[in-house]
There are 2 protein chains.
Amino acid sequence: MATRTDAPTRREQILKEAARLFAERGFHGVGVDEIGAAVGISGPGLYRHFAGKDAMLAELLVGISEQLLTGAKRRLAEAEGVAGSGAGAEAVLDSLIEGHIDFALDDRPLITLHDRELDRLRDADRKMVRQLQRQYVELWVGVVREVYPAVAEPSARSAVHSVFGLLNSTPHLGRPGSLPGRAVTAELLHRMARGAFAAVGGE
Amino acid sequence: MATRTDAPTRREQILKEAARLFAERGFHGVGVDEIGAAVGISGPGLYRHFAGKDAMLAELLVGISEQLLTGAKRRLAEAEGVAGSGAGAEAVLDSLIEGHIDFALDDRPLITLHDRELDRLRDADRKMVRQLQRQYVELWVGVVREVYPAVAEPSARSAVHSVFGLLNSTPHLGRPGSLPGRAVTAELLHRMARGAFAAVGGE
DNA sequence: CAGGGAGGTTAGCGGTCGTTAACCTGAGGG
DNA sequence: CCCTCAGGTTAACGACCGCTAACCTCCCTG
């Protein structure tokens, strides 16, 4: 599956810089000239690679949602391949949390965009992103209810959304340098997420 | 101190509608004409009440920050008036959580703005908001470390930010109608917040 | 009853932004 | 050696947006 070690294509450069700028100043707060300047070309040159500013945001958001969902499905399948059921659920939940934390720590601008600029999309794109997000949430809900069978579905769904809020708080934790180390932060977030779920499950 | 039961002034109407619109479409995504239309006047009429669009956002964000900090200080003082120390810390933390949840549930647009549009402020306003936010965080950190003395300060601060992320997830919990009831949601969030802190404190 | 301020209105200016048009250039292939 | 085409460039257009100017109309008050 050829993990990409190639140099990034121009398209990828643009997407990365656009994500950073959108996260910093908001979709409407960034001009196409700035995005172009960030990759060394100027303004309208972007239109050789994207149909428009909207298309960049759409590709970013759809990409994020797909990546999250695909990763979660893979983790679920891997863990179910090992054990039959029961005790495995805890491990799956841990794996989901770990995956989400990796994403939140490594792609902070994307995490920021993910729940901030969704409404700027054209209808078709927004529906697609919403659907992917819903699938991701429902996957978590299923695992959570397997670990804590006493929790009703609406509560589980609220709990999942709230834990996402917790995990997605990484952009507020100070710039990468000031953190006490990536591994320590990841461990802290992981424990808090488990603690939050446990508080719902342990009536 | 005359708890306001009066009809809302025009200024307050404008601020409320502006908050809603800013939260829905972002600061740059809303025009002054739309804000005016939302309160029944049109466009430039707003300038009889505010110096400009920026001033509305500034007043909103400073107001939120002051309200949060003031409420937290009051709760801290009240609880310290009752008990001397020790066992009271738990009660103070519960009170802080309760206050933050009330705010997150009752003023969702403001919660959304609070961590989303801060960068659109003029330097002076942004510094003031940041300072108020910092005081609020530090107040929480102090209480958390009183309840869980084993937690180092940087961890406590990260934990507080993350719990804010958890509590501020209310805008993602579905529109007010679909919630299982305000009291139930508040209880759920409260338990999750306590569970998250406990997971950090109970090594 | 004069007058003045509070709170509106519409017209319009200046700047910015997304997008298109027209043109240029260098590398690869027949 | 020419042709093509990917990937740039600058100029410019049309729309929109924040804000000001100029004006109007009540309502209160001396």
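Letters A, B, ... mirror the listed sequences (proteins, then strands); counts begin at 1.
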Output yes when A:R191 and A:E187 qualify as a salt bridge under the 4.0 Å nitrogen-oxygen rule, no when they do not.
yes
Non-hydrogen side-chain atoms of A:M192 and A:V163 separated by less than 4.5 Å:
no
So, applying side-chain contact (heavy atoms from CB on, under 4.5 Å) with B:Q135, which one of B:V137, B:L139, B:L132 is it?
B:L132
So if I take residues 35-59 of chain B and measure heavy-atom distances to DNA chain C, which residues fall below 4.0 Å?
B:I41, B:S42, B:P44, B:G45, B:R48, B:H49
Centroid separation A:H100 to A:F164 less than 6.0 Å
yes
From CG of A:D33 over to P of D:dA12, roughly how many Å is that when rounded to an integer?
16 Å
Using only atom types and a distance under 3.5 Å, with no angle test, would you say the side chain of A:E117 pairs donor to acceptor with the backbone of A:F27?
yes
Please say whether more than 12 non-hydrogen atoms of neighbouring residues, nucleotides or ligands are located less than 6.0 Å from CZ in A:R122.
no
Side chain of B:S169, backbone of B:H172: donor and acceptor closer than 3.5 Å?
no
For chain A and DNA chain C, what are the first and last nucleotides along the strand, 5' to 3', with at least one atom under 4.0 angstrom from a heavy atom of the protein chain?
C:dG18 to C:dC23
Has B:T70 got a side-chain atom pairing as donor or acceptor with B:E66's backbone, closer than 3.5 angstrom?
yes
